[in-house]
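These notes concern the structure reproduced below.
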Amino acid sequence: GMTPLDKFLFDTNGYVVLPQVFTKDEINSANAAIQANSNKMLERIGGLRNTEDDTPLVGDGTTGRQDLSGFLGWPEGQRDVFRRVL
């Protein structure tokens, strides 16, 4: 189960770190696929910013975070590592 610290970090950061869930090959495949599709990243600005003011993930309020979606529809060989997680 999750410790109180795990729950706090999830609430603060929005994710949980699970060590050794992926093999080095899976990590390398995911990183290669992301790099191959990095030209598709969009900056979330204006109405696309989905954070609330005064929250830890709001950033500087001007620059948006980079968003790379659609990875389950990437070409075969690039999407596979992500589909296996499901």
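Note that the structure is a prediction, hence the values are computed from the model and not measured.
More than 12 non-hydrogen atoms from other residues, nucleotides or ligands lie less than 6.0 angstrom from NZ of K40.
The cluster map of Ile, Leu, Val, Met, Phe, Trp and Tyr, joined by side-chain heavy atoms under 4.5 Å apart, puts L72 and I34 in the same cluster.
Minimum interatomic distance between Q78 and A36 (heavy atoms only, all atoms of both residues): NE2-CB, 3.6 Å. Listed here is the closest heavy atom pair of M2 and V16: CE-CG2, 4.0 Å. Between R79 and W74, the closest heavy-atom pair is CD-O, 2.9 Å.
Of the options T12, L18, N13, a side chain to side chain contact (heavy atoms under 4.5 Å, CB included) to Y15 is made by N13 and by none of the others.
Residues forming a ring-ring contact (aromatic ring centres under 6.0 Å, His included) with F71 (at least two apart in sequence, or on another chain): F82. Judged as a side chain to side chain contact (heavy atoms under 4.5 Å, CB included), and not counting sequence neighbours, the contacts of V85 are F22.
Other cluster members for L5: F8, L9, joined by side-chain heavy-atom distances under 4.5 Å among Ile, Leu, Val, Met, Phe, Trp and Tyr.
Side-chain contact between M41 and L68 is present, with heavy atoms from C-beta onward closer than 4.5 Å.
Taken from CG in N28 to CG in N31, the straight-line distance is 6.5 Å, to the nearest 0.5 Å.
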